[in-house]
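Scroll down for the structure; my scribbles are underneath it.
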Amino acid sequence: MSGVRVRFPPSPSGDLHVGNVRSALFNYAFARHERGAFVFRIEDTDTARSTEESYRSLLADLRWLGLDWDEGPQVGGEYGPYRQSERTGLYADVAARLRGAGYGYDCYCTAEEVATRNRAAGRPAGYDGHCRDLTESERDGHLAAGRTPVLRFRMPGERVEFTDLVRGTVGFDAEHVPDYVLVRADGSPLYTLTNPVDDALMRITHVLRGEDLLASTPRQIPLHRALRDLGISDAPMPAFGHLPFVMGEGNRKLSKRETPEVSLNHLRARGYLPEAVLNYLALLGWSMGEDTEIFTLDQMCRAFTLDRVGVNPARFDPKKLLAVNGTKIRALSTDEFADRVTPFLIGAGLVADPPTVGQAELLRAAAPLVRERTNLLTDAVGMLGFLFADGDAFTVDEAAAAKQLTGAHAGTVKAAVAALEPLPGWTADNLQAALREALVDRLGLKPKHAFGPVRVAVTGRQVSPPLFESLELLGRDRTLARLRDALSRVGE
RNA sequence: GGCCCCGUCGUCUAGAGGCCCAGGACGCCGCCCUCUCAAGGCGGUAGCGCCGGUUCGAAUCCGGUCGGGGCUACCA
């Protein structure tokens with residue numbers, strides 16, 4: 001293992017969206033490429049927003065994606081605990097030392113007071129340093145008034161420059177980075193404190209995160225220095241790299257309302273493959289070069305370097321994700337495909353949990369036929385339903401019947417029954433020959449019109465796997481039974 | 001408003017001064033295949049935001065401009 005250490009530090013509020021996943025993926029790929037460590041940390045200092053439920057789904061999501069972490073919840077590590085809510089004592093200690101050394105100071109101002117002063121002075125927003133050097137009597141006055149202070153970081157008053165791993169040199173002048181709050185008035189630590197402290201304590205070497213945090217970097221660098229100065233950390237300053245945004249449609253923020261596909265839960269439920277989600281997301285802000293767009297996680301890790309990370313924001317495109325998903329599904333082996341579809345069939349109540357031996361065999365036999373026409377695993381459920389739904393569970397779609405099973409189709413269905421009843425070998429080839437002969441040659445129907453009614457009668461839908469193979473899989477008895485049922489429907 | 005980041009087909013991108021009258025992918029359109037739907041094959045549509053400069057030569061370098069985004073919380 002090299003010395004590279006990166007982290008993915010989500011806060012457990014709401015479910016993971018594609019933007020988070022993309023950040024996790026890049027960190028993961030970088031760690032693997034560098035043979036470093038991928039640290040998973042939970043930033044749940046905002047108790048009002050953090051929930052246990054979303055903490056658990058965070059773990060499940062990362063597991064589902066296959067982004068295994070080297071350190072973090074459930075696996076431990078030498079820098080734990082990895083849940084910030086379990087590190088509060090540590091933050092209190094760091095805060096006290098920062099205050100003691102003058103790197104932090106108590107601030108009694110309310111947001112309104114600061115805003116009022118800035119407005120009066122014609123200054124832009126941001127803290128004005130009012131409490132930086134309070135006299136003892138001023139402090140006593142605030143205390144007497146019942147105010148409790150926040151802990152504010154004392155910025156060093158000099159320009160901060162750093163070399164961003166993806167953007168190059170970025171600099172901020174001191175007057176644009178005001179002193180900021182580290183600890184709330186109630187004593188609880190803020191992200192502004194816990195994030196840099198943990199990066200230092202966990203010896204993170206590369207901070208790869210969203211572009212929205214670019215502006216907070218000049219605040220974190222002096223804090224890192226203070227931590228080192230006080231001997232709280234002896235870790236080198238991490239390198240920072242800011243990944244381009246993943247935007248929603250119309251260049252607006254990602255919105256689950258507008259585009260449900262941005263939610264990982266939704267993607268999983270709809271039948272997207274984790275490897276497809278990852279592959280697609282890799283394309284947002286990174287490219288393998290040449291013209292390769294489809295690759296495995298492993299291939300990505302081998303090829304992943306920061307110099308190929310782009311700088312401009314990317315729009316999330318559900319259509320392309322779907323196309324990648326289809327490509328990945330078609331690349332699955334028959335058995336893998338069957339395995340992936342099974343949970344959806346169980347969920348739909350079409351097969352037992354676990355499937356019976358017969359169901360499993362039928363599924364495997366049908367898999368190659370269905371896999372070819374599936375872009376979403378949930379599509380497959382619709383196409384496979386007729387094979388597993390027996391008796392009353394099998395229904396004919398009314399809209400399909402209205403088009404293909406009316407009185408006008410009586411002759412077609414009747415001829416089909418007559419042709420299939422005496423058929424000796426129930427194979428796709430024989431079935432095709434018999435139906436063509438009876439419907440196309442004898443009745444003079446166009447193939448399209450000849451087979452449509454049969455398809456609807458037997459599969460219940462207008463869209464199905466290839467007809468003759470479907471009939472073979474369904475078997476003689478069930479096929480004929482359904483055709484006879486259709487007979488009564490068309491009025492025979 | 002201030003500060004910061006960004007600007008190649010509708011979208012994601014390749015492109016690191018001549019290999020580019022810009023390549024790939026998704027989408028879209030057409031054709032082929034065809035029992036439905038897909039898949040597949042073939043073809044097509046469409047882009048270097050704009051203006052200056054540097055250079056023999058710029059998508060590539062520089063400046064400006066316009067446009068988009070982020071930050072400006074006792075959220076993360």
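In the text below, chain A, chain B and the rest are named by the order of the sequence lines, each starting its count at 1. Values below: every heavy atom of this structure, side chains too, minus hydrogens, waters and symmetry copies.
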Kindly point out which of [options] is positioned nearest to the side chain of [X]?
{"X": "Glu372(A)", "options": "A39(B), U8(B), C5(B)", "result": "A39(B)"}
{"X": "Glu469(A)", "options": "C75(B), A25(B), C35(B)", "result": "C35(B)"}
{"X": "Ala323(A)", "options": "C26(B), C6(B), A38(B)", "result": "C26(B)"}
{"X": "Ala125(A)", "options": "U36(B), C74(B), U72(B)", "result": "U72(B)"}
{"X": "Met247(A)", "options": "G69(B), C26(B), C74(B)", "result": "G69(B)"}
{"X": "Lys319(A)", "options": "G27(B), C35(B), G7(B)", "result": "G27(B)"}
{"X": "Phe245(A)", "options": "G23(B), G70(B), C3(B)", "result": "G70(B)"}
{"X": "Glu211(A)", "options": "C5(B), C35(B), G27(B)", "result": "C5(B)"}
{"X": "Val170(A)", "options": "G23(B), C4(B), C3(B)", "result": "C4(B)"}
{"X": "Arg436(A)", "options": "C35(B), G27(B), C75(B)", "result": "C35(B)"}

In terms of side-chain geometry, is the basic nitrogen of Arg436(A) or Asp441(A) positioned less than 4.0 Å from the acidic oxygen of its partner?
no
Exercise for review: Flag the pair Arg147(A) and Glu113(A) as a salt bridge only when some basic side-chain nitrogen lies within less than 4.0 angstrom of an acidic carboxylate oxygen.
Suggested key: yes
Quick one: is the NZ or CZ of [X] closer than 6.0 Å to the six-membered ring centre of [Y], and within 45° of its axis?
{"X": "Arg482(A)", "Y": "Phe394(A)", "answer": "yes"}
{"X": "Arg152(A)", "Y": "Tyr127(A)", "answer": "yes"}
{"X": "Arg22(A)", "Y": "Phe26(A)", "answer": "yes"}
{"X": "Arg41(A)", "Y": "Tyr82(A)", "answer": "no"}
{"X": "Arg83(A)", "Y": "Tyr55(A)", "answer": "yes"}

At under 4.0 Å between heavy atoms, what does [X] touch on the DNA or RNA strands: base, sugar-phosphate, or nothing?
{"X": "Leu213(A)", "value": "base"}
{"X": "Pro466(A)", "value": "base"}
{"X": "Arg219(A)", "value": "base"}
{"X": "Pro465(A)", "value": "base"}
{"X": "Phe468(A)", "value": "base"}
{"X": "Ala185(A)", "value": "base"}
{"X": "Leu214(A)", "value": "sugar-phosphate"}
{"X": "Val150(A)", "value": "base"}
{"X": "Gln462(A)", "value": "base"}
{"X": "Arg461(A)", "value": "nothing"}

Any strand, both distances under 3.5 Å, Watson-Crick or G-U wobble: U11(B) pairs with A25(B)
When both distances are under 3.5 Å in a Watson-Crick or G-U wobble arrangement, the nucleotide paired with C19(B) is none
Mark yes or no for a side-chain to base donor-acceptor pair under 3.5 Å between Arg455(A) and C35(B), with no hydrogen or angle criteria applied.
yes
Counting only side-chain N and O atoms of [X], is one of them less than 4.0 Å from OP1 or OP2 of [N]?
{"X": "Asn312(A)", "N": "G69(B)", "value": "no"}
{"X": "Arg373(A)", "N": "C35(B)", "value": "no"}
{"X": "Ser464(A)", "N": "U36(B)", "value": "no"}
{"X": "Thr45(A)", "N": "A76(B)", "value": "yes"}

